[in-house]
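Throughout, protein chains are lettered first and strands after them, A, B, ... in sequence-line order, and every chain is numbered starting at 1. Computed from a prediction, not measured in an experiment: that's the story for all the values here.
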Protein chains: 2
Amino acid sequence: MLTDEYRFKILKELQQDPDISQRELASRLGISLGKVNFCLKALIEKGLVKVENFRNNANKVSYLYLLTPKGIEDRAILTRHFLQKKLQEYESLTQEIEELRKEVLTKKSEND
Amino acid sequence: MLTDEYRFKILKELQQDPDISQRELASRLGISLGKVNFCLKALIEKGLVKVENFRNNANKVSYLYLLTPKGIEDRAILTRHFLQKKLQEYESLTQEIEELRKEVLTKKSEND
DNA sequence: AAGGCACCGTTCATCAAGTGAACGATATTA
DNA sequence: TAATATCGTTCACTTGATGAACGGTGCCTT
């Protein structure tokens, strides 16, 4: 499945490193090769990524996974979206930590 | 699978509400009935929870999922463990937000 | 007492998602 | 030229989660 999270992560990696193998990408994101392959195809299908055969000066054929204008736009939208989401996470995480702290202190005083 | 996370959450719920149905527990934790049933059995197997047939004054048979001393101890350990973990998450979340902020601002200035 | 209803824990067939070994194609090296 | 390395692609397999269905039990109404 291609979630927002991996759409974002993959677009981010590709933008800053268009010549990257699917294996390397899988390794960086901590997911399987199969999943990367699936997600990448979905991104291409959606028109967010375009794959090009790139022939460098040593006559070596390698692949380039380039973000299309639509892909760049999508990445920007996702960035704003995730900032909002992370800020909400920050709120709830702060509260969660507060509760855990209280609890740890309570338990401690019970044993004193 | 019985992860630390659900071991913690379930022990927490049971401690503050020992007469609770598996369905209600599933609903509170946002997981399926089958998973609750599986996890609960695992907790009993591990000796962290003891189930009792509780016969109240109206002769109604209901269940009590009580934490054993071992269960209470485990919950305390998990609480401290999760506090540490959440503090680490806090660190990385803060950094992540910082990066997202930078990025949003960069994109914005590019379009000005 | 009997029938109906509601809720309980338990089971398990079914589904969805992730995995990585294996493959053919291609580039590089010996 | 043969051997090796790396590429993207495929797909059989594993794993986890799901919730409908079931039998058991308490309770209410008739």
Show me the donor-acceptor pairs, under 3.5 Å and distance only, between side chains in residues 31-44 of chain A and residues at least two apart or in other chains.
residue, atom, partner, partner atom, Å
A:S32, OG, A:K35, N, 3.2
A:N37, ND2, A:Q22, OE1, 2.9

ask   = Name the one of B:L66, B:I72, B:V49, B:I10 that satisfies side chain to side chain contact (heavy atoms under 4.5 Å, CB included) with B:Q15?
value =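 For B:Q15, the side chain to side chain contact (heavy atoms under 4.5 Å, CB included) check succeeds only for B:I72.
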Separation of [X] atom [atom1] from [N] atom [atom2], in whole Å?
X	N	atom1	atom2	answer
B:L40	C:dG9	CG	C1'	10 Å
B:L25	C:dC8	CG	P	12 Å
A:I44	D:dG8	CD1	C1'	11 Å
A:D19	C:dA27	CG	C1'	15 Å
B:F38	C:dC12	CZ	C1'	14 Å

task = Indicate for each nucleotide in nucleotides 10-24 of chain D, in 5' to 3' sequence, whether protein heavy atoms under 4.0 Å reach the base (B), only the sugar-phosphate (S), or nothing (-).
result = B-----SSBB-----
query = Do A:K85 and A:D4 meet the salt-bridge criterion of a basic N to acidic O distance under 4.0 Å?
reply =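 A:K85 and A:D4: not salt-bridged.
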message = For B:K9, is there an ion pair with B:E13 - N to carboxylate O distance below 4.0 angstrom?
response =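 The answer is no: the pair does not qualify as a salt bridge.
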ask   = How long is the gap from CG on A:D19 to CD on A:E24, to the nearest 0.5 Å?
value =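 Between atom CG of A:D19 and atom CD of A:E24 there are 10.5 Å.
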task = Look at the side-chain N and O atoms of B:Y63 and state whether any lies under 4.0 Å from the OP1 or OP2 oxygen of C:dC7.
result =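 Result: no.
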request  = Could you tell me whether the phosphate oxygens of C:dC8, OP1 or OP2, come under 4.0 Å of any side-chain nitrogen or oxygen in B:Q22?
outcome  =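 Answer is no, no contact under 4.0 Å.
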task = Please work out which of the three classes, parallel, tilted or perpendicular, describes the rings of B:Y90 and A:Y90, given edges at 30° and 60°.
result =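 Ring orientation of A:Y90 relative to B:Y90: tilted.
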task = Return the angle between end axes of the helix from C:dA1-D:dT30 to C:dA30-D:dT1, with five pairs used per end and rounding to 10°.
result =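 One end's axis against the other's: 10°.
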request  = Apply side-chain contact (heavy atoms from CB on, under 4.5 Å) to B:T3 and B:R7, showing your working.
outcome  = CA-CA 6 Å; B:T3 58; B:R7 199 165 98 239; over 6 Å; no
ask   = For B:E103, which of A:R80, A:R75, A:K86 qualifies under salt bridge (Lys or Arg N to Asp or Glu O under 4.0 Å)?
value =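 Output: one option passes, namely A:R75.
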